[in-house]
Each structure stands twice: as C-alpha cells, then as structure tokens.
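Here the structure is laid out as structure tokens; the discussion comes afterwards.
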Amino acid sequence: MMNLRVYRGIEITRPFNLSADLLRKYETWGFIPHAPRGKNNYRQYSEIHKRFFEASRHMMAGYSWTEVAKMMRHLVKKEREAAIILAVEFQAVLVNNYKESTLVIEQLQSTLSNQEISPKVQVERPVTYKEVSKRLSLPISTLRVWEQQELFEASRGENNYRYFNGALMNKLFIIKLLRLSGMGFDQCREVLKGIERKNYRDILPILQGRIVDMREQMNKGLKSLGTLNELVNYLEEVDYFSDMSE
C-alpha cells in the first residue's frame, strides 16, 4: 500500500546532509517526477519522490552523474525497460574494462618474465600500427589518438615506418590499463612521467592497485544496479507505471 504522507523537501534531503534546494534542482533535471504544489504554493513531495531521490544518491556511488541521470529520466517517464537496459549496459562496461585490464597485467607480467626491460632495447624490425593494434586488441584510430596526445612516440626509420621495441610495447600495455581504469590524458601523462624514472617491474604494484580500484568500482556498480531494481520493484507495487496520467 502506498504511503500517502506528504514530505517537505528538507525531510528528504536532510539524511544526506543536503539542502532542499537540491531536491528542486533534481526535479528540474528530471531525476524525480514533477511535484505538485499545495494551497500554500509549497511543493508537495510524496513517498515516490523520496524513493527517487534516495535511489539517485545511492546509485552515484557506482555510476557517474550522467549515467544516473539517463536512467532516472527514463523511470520518471515510466520507461522502466529502457532504464534497466541502460543500467545493465553501464555495468557491462565496468566488467569488460576490468577483464581487459587484468589481461593487460597478465600480458605485461609475461613480457617482463621473458625479457629485461630497458630504454636501450634495440629495435629489431619496423612494426606497423596494424601489428601493434592486433597485439593490443585496440583500434588503430585509438593508437593514433594516443600518439597525438603525446602519450608515446614511436621512432621512425628511413622508410618512415614506425618502430616499436619491447619497452615501447610495454608502455602501450600500461597506457591501455590506465585508460581502461578511467584516467584522462593529463593523468596518464603524469603517471607515464613517473614510470620513465623507474624500472617497469617497480611500477607493476601501482598498476595492480588500479585493478583493485576497478574491481571495487565494479562491485559498487552491482550495488547501484540492485538499488535501481529495488526502486523499480517499489514503483511496480504502487502502480506507478500503470498510471500514465502523472
């Protein structure tokens, strides 16, 4: 049975140490349904508004503000399937990035166990973007963007071919891991500068730390998915989706 209590904005936002003004902004941004006004012209928030706001705040632990906004706007419009599909897709991205990152670490560890990495490694033969793209499982366009962003610089021979030696290949594995973990180009450049002053073996624990962070983010995403499911179940119980007049 639906709770018919009428809430003041501050009663909904106070548990999060937030102002009632944010609740009004959430209504404007489409995170919660429109709130009718009473005779005193104050907004009258219901249990539904309360549940929408609470779910939005909790889900931001696992998803970005933009991702949560997209899901909640679908729910406000009573498009539950669209909201659920988005949530599953967002979670799939987190899982895929984690899986790819663990593979990158394994590849890097395998390379390090088979050779000593040094900036002075000699180039054996010219390697094309296509070959590097296949080994790293990345589009050529991504590699070109990385080079344009000065994350790496390949040597060129007299025939203008780019040369990728063992050290540079390891650097590309690291860049892939950093990008998968959500680092922007500026952050990547700072980390890579630090790596240049260290042995690749010394930097592995740092990269493994990024994997741990990604696993935690994936778990937070699962909790956020559960929060969305709980909200949908509640809205179904109160027939929110069947009442198209709201």
Side-chain angles (χ1 to χ4, degrees), residues 1-102 180-182 212-246:
M1 182 176 178
M2 182 175 175
N3 183 351
L4 300 179
R5 175 183 171 182
V6 175
Y7 293 87
R8 291 182 299 138
I10 191 62
E11 292 178 298
I12 295 175
T13 60
R14 184 185 291 124
F16 297 90
N17 294 318
L18 298 169
S19 69
D21 183 58
L22 182 61
L23 191 60
R24 293 189 286 272
K25 290 180 179 178
Y26 268 39
E27 181 181 347
T28 300
W29 296 332
F31 279 80
I32 67 174
H34 170 71
R37 292 179 180 268
K39 294 180 181 180
N40 56 7
N41 205 36
Y42 288 153
R43 287 178 174 82
Q44 295 183 310
Y45 296 109
S46 67
E47 183 68 20
I48 288 178
H49 296 102
K50 180 174 177 287
R51 296 291 185 104
F52 265 94
F53 181 80
E54 290 173 343
S56 296
R57 298 303 304 178
H58 289 309
M59 288 168 63
M60 285 181 190
Y63 300 130
S64 69
W65 189 97
T66 301
E67 290 168 342
V68 174
K70 289 178 180 178
M71 289 182 280
M72 301 311 284
R73 287 166 185 163
H74 278 304
L75 279 186
V76 167
K77 296 176 183 178
K78 307 177 190 291
E79 301 167 348
R80 84 187 103 180
E81 290 81 8
I84 293 172
I85 289 173
L86 271 182
V88 172
E89 289 176 344
F90 293 148
Q91 186 63 24
V93 170
L94 292 175
V95 173
N96 185 64
N97 286 350
Y98 174 76
K99 290 171 64 177
E100 281 201 49
S101 296
T102 54
L180 285 172
S181 67
V212 172
D213 292 341
M214 293 178 71
R215 182 167 61 244
E216 291 179 355
Q217 188 60 39
M218 184 173 60
N219 291 334
K220 289 179 180 178
L222 283 174
K223 291 180 181 179
S224 295
L225 185 57
T227 298
L228 176 67
N229 186 58
E230 291 174 1
L231 175 61
V232 170
N233 288 340
Y234 167 76
L235 295 176
E236 289 174 344
E237 290 175 3
V238 298
D239 294 326
Y240 174 83
F241 298 110
S242 63
D243 185 2
M244 301 304 293
S245 63
E246 288 190 5

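Remember, it's a predicted structure, so these values are computed and weren't measured experimentally. If you read the sequence from its start, that first residue is 1, and numbering goes on from there.
In this structure the side chain of L231 never reaches within 4.5 angstrom of the side chain of T227, judged on heavy atoms. Contact of the Y45 side chain with the K50 side chain is not registered, since no non-hydrogen atoms from C-beta on lie closer than 4.5 Å. Using a 4.5 Å cut-off on side-chain heavy atoms (C-beta onward), T28 and R24 make no contact. Taking 4.5 Å as the limit, every side-chain heavy atom of V6 sits out of range of all side-chain heavy atoms of S46. Here the side chains of L22 and R57 are in contact, with some heavy-atom distance below 4.5 Å. Side chains of Y98 and R215 form a contact here, defined as non-hydrogen atoms less than 4.5 Å apart. Side-chain contact between F90 and L94 is absent, with no heavy atoms from C-beta onward closer than 4.5 Å. Within the 4.5 Å cutoff, the side chain of R73 has heavy atoms near those of the W29 side chain.
Checked against a 6.0 Å centroid threshold, the rings of Y7 and F53 do not count as neighbours.
Remark: H58 pairs with F16 by the ring pair (Phe, Tyr, Trp, His ring centres under 6.0 Å) rule, at least two apart or across chains. Judged as a ring pair (Phe, Tyr, Trp, His ring centres under 6.0 Å), and not counting sequence neighbours, the contacts of F31 are Y26, W65.
Across all non-hydrogen atoms, the minimal contact from M71 to A87 is SD-CB, 3.4 Å. The shortest heavy-atom contact between L75 and L228 is CD1-CD1, 3.5 Å.
At distances below 3.5 Å, not a single donor-acceptor pair connects side-chain atoms of Q44 with backbone N or O atoms of A35. In this structure, E100 contributes its side chain and N97 its backbone to no donor-acceptor pair below 3.5 Å. In terms of modelled atom types and a separation under 3.5 Å, the side chain of T13 and the main chain of L18 share a donor-acceptor contact. Not one N or O on the side chain of S64 forms a donor-acceptor pair closer than 3.5 Å with the backbone of M60. Judged by distance alone, with hydrogens and angles left aside, the side-chain atoms of H49 form a donor-acceptor pair with the main-chain N or O of H34 at under 3.5 Å.
In summary, the side chains of Q91 and Y63 do present a donor paired with an acceptor at a separation below 3.5 Å, with no hydrogens or angles considered.
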(request) Assess whether salt bridge (Lys or Arg N to Asp or Glu O under 4.0 Å) is satisfied between K220 and E216, documenting all intermediate values. (result) CA-CA 6 Å; K220 289 179 180 178; E216 291 179 355; 5.5 Å; no
(request) Determine, stepwise, if the pair E230 / K223 fulfils salt bridge (Lys or Arg N to Asp or Glu O under 4.0 Å). (result) CA-CA 11 Å; E230 291 174 1; K223 291 180 181 179; over 6 Å; no
